[in-house]
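So that the names make sense, note that chain A is the first sequence line, chain B the second, and so on, each numbered from 1. All values below come from the heavy atoms of this structure, side chains included, with hydrogens, waters and symmetry mates left out.
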Amino acid sequence: MHLYNTLSRTKEPFVALRPPHVGMYVCGPTVYGAPHLGHARPYVTFDVLNRYLRYLGYKVRYVRNITDVGHLVDDADEGEDKIARRARLEKKEPMELVQLYTLAFHKAMDLLGNQPPSIEPRASGHIPEQIEMIEGLIRKGFAYESNGSVYFDLEAYRLKYPYGVLSGRVVDELVAGAGNERRALAGQSEKRKPEDFALWKNAEPEHIMRWNSPWGQGFPGWHIECSAMGVKYLDAPFDIHGGGMDLLFPHHESEIAQTTACHNCAPCRYWVHNNMVTINGQKMGKSLDNFINLDDLFAGTHPLLSQAYDPLSIRFFILQAQYRSTLDFSDSALSASAKGYKRWVQGLKELLAYNPVKSEAHSVTHSHKRQGTRPGLEGLLNSTLFEAKAQTALNDDLNTPVLIALVYELLNEFQTVKSGKIVVSPADWDDLKTKVKVYVTDILGFDLSDEVSDTSLSSALEASMKLILDLRQQAKDSKNWAQSDLIRDALNEAGIKVMDDKEGSRWSLG
RNA sequence: GGUCGGGUGGCCGAGUGGCUAGGCAGAGCUCUGCAAAAGCUCCUACAGCGGUUCGAAUCCGCUCUCGACCUCCA
């Protein structure tokens with residue numbers, strides 16, 4: 001498998017450092033607000049990567065943090081903690097807020113079809129580890145205390161290690177900061193150099209979230225949690241570090257500096273970054289008034305949306321683009337994709353439900369021109385070929401859109417089977433079904449089981465629907481169209497669609 | 001201003017030197033009491049201008065243009 005490594009800016013063959021184990025760390029959400037569209041893309045992406053690595057036989061430890069402390073807000077807030085700020089506004093305990101949004105996040109992730117990570121460490125639960133790491137950095141001369149805060153000494157670091165390799169940043173230019181006005185950061189006067197970043201922040205008296213430390217009461221800086229927790233659970237260097245492209249600088253650059261300075265080795269081997277989502281071509285941002293929460297997306301309660309979107313159709317939409325391209329969300333793009341998704345899933349369900357007729361010996365092959373060609377199906381219906389192509393797609397930097405397109409093509413070829421033009425043997429068909437299920441459900445994470453999960457309810461519904469449709473059929477047989485249309489319309493209003501075809505009537509929910 | 005990444009058919013979105021991805025929309029057709037669904041067929045594009053090459057969406061140069069980041073962010 002090849003993965004694009006931001007560090008080298010090329011696709012590199014993936015080689016695990018300690019096979020069969022793979023350590024993957026992905027920057028998790030800051031739980032100070034409702035989960036939004038920006039959360040959907042990275043976590044769907046890395047969920048598929050996690051699933052695929054497992055499929056390839058790796059034992060993956062997937063660590064994704066919950067940030068519930070310490071992110072500084074901008075100068076207007078004088079270094080006040082984001083979570084503390086929201087807590088005051090909503091008059092809740094900070095941890096109450098954290099709990100609320102953590103649960104909302106988990107629920108959204110579940111709806112999107114994401115498997116939970118192996119470990120989901122909280123920053124607030126790892127204060128001692130962070131303090132320990134900061135102490136180590138001070139001991140080694142890469143950090144200094146100032147006025148109850150601790151800052152990373154970038155100058156000292158740069159004397160020994162290169163800085164800015166990941167993001168392509170040059171420190172002197174950062175400081176010069178040509179062009180736009182630079183934001184005045186809190187505590188700038190305490191720093192030796194403006195480019196130094198906070199490892200620990202002294203808490204003002206009104207700051208709610210605070211912990212004891214060797215430097216007085218305070219809270220950890222933004223970047224240190226990922227370094228401390230990543231090393232704790234995965235050991236540096238681990239295999240993969242993922243996150244959104246927006247985290248490249250300064251967050252990941254700082255992580256590299258911290259871990260390298262502390263442990264004298266890079267945090268990880270591969271840096272994998274997903275690109276951003278845009279809304280109607282524009283960056284999504286709270287200030288731009290185009291922020292879409294996942295709840296609103298799933299319920300259709302957002303002014304920019306014309307309808308509710310099935311969470312898995314959002315997953316489909318996300319996976320229809322390669323993770324390194326920007327992905328533009330618009331109502332029209334979503335509804336186009338949702339339609340395609342519906343057909344895709346329906347076709348797959350039919351494929352999985354299809355049972356080839358057991359027939360004579362020659363059923364396996366069809367129209368092989370030459371004698372001696374190996375038996376088997378042509379095209380994607382041949383499970384070996386399907387798998388080879390599917391794997392090629394994913395091996396190429398997780399090219400999920402190509403895999404999805406491949407399945408569409410397979411469904412197209414399935415038509416020739418349905419129509420009887422090609423006869424398949426039950427054994428071949430079982431092979432194909434197994435492979436398709438692996439790629440579509442195990443790896444891509446879609447659900448091809450039937451919607452109604454409650455079995456007693458399901459069978460009751462099944463039976464009553466059969467009765468109703470039988471009655472309607474009787475009406476149809478006696479050409480009582482008024483009666484049959486009445487039944488269909490009434491069912492339609494109840495949310496049940498009825499479709500007639502040659503074999504009779506079919507129905508589906510929604 | 002700096003760094004990085006893009007511009008592909010009506011829309012979304014793959015594709016890194018030759019072999020028309022795929023989806024949605026649109027058109028025609030099949031099926032059909034009507035409808036819906038499904039299926040079949042059609043729609044052959046790569047920002048512009050140069051260059052390299054037998055051959056360029058793909059490589060090189062320039063121009064135009066969009067976006068991300070530059071200490072809140074997924």
Original post:
Heavy atoms under 4.0 Å, any strand shown: does A:Val498 hit a base, just sugar-phosphate, or nothing?
Top reply: base
Subject >> Contact pattern, 5' to 3', of nucleotides 25-34 of chain B - B, S or - by protein heavy atom under 4.0 Å >> reply: S-----S-BB
Subject >> Of residues 110-118 of chain A, the positions that come close to RNA chain B - non-hydrogen atoms, cut-off under 4.0 Å >> reply: none
Original post:
Just checking A:Ser335: base, sugar-phosphate only, or nothing, at a heavy-atom cut-off of under 4.0 Å?
Top reply: nothing
Original post:
Would you say a side-chain N or O of A:Asn399 is under 4.0 Å from OP1 or OP2 of B:G15?
Top reply: yes
Subject >> Whether A:Thr67 side chain and A:Thr30 backbone form a donor-acceptor pair below 3.5 Å >> reply: no
Original post:
Using the C1' atom in both, what is the distance from B:G9 to B:G61, to the nearest Å?
Top reply: 28 Å
Original post:
Would you say a side-chain N or O of A:Ser325 is under 4.0 Å from OP1 or OP2 of B:A14?
Top reply: yes
**OP:** Go through B:A21, B:U71, B:A74 for me and flag the one nearest to the A:Ala405 side chain.
**Re:** B:A21
Subject >> Distance below 4.0 Å between A:Ser330 side-chain N/O and B:C12 OP1 or OP2 >> reply: no
Original post:
Is A:Arg41 close enough and on-axis enough to A:Tyr323, meaning under 6.0 Å and within 45°, for cation-pi?
Top reply: no
Original post:
How close or far is atom P of B:A68 from atom CE of A:Met276, stated in whole angstroms?
Top reply: 9 Å
**OP:** Can you tell me, in whole Å, how much space there is between the P of B:C60 and that of B:G18?
**Re:** 16 Å
Subject >> Given B:U71, B:A21, B:A74, the nucleotide with the shortest approach to the side chain of A:Pro401 >> reply: B:A21
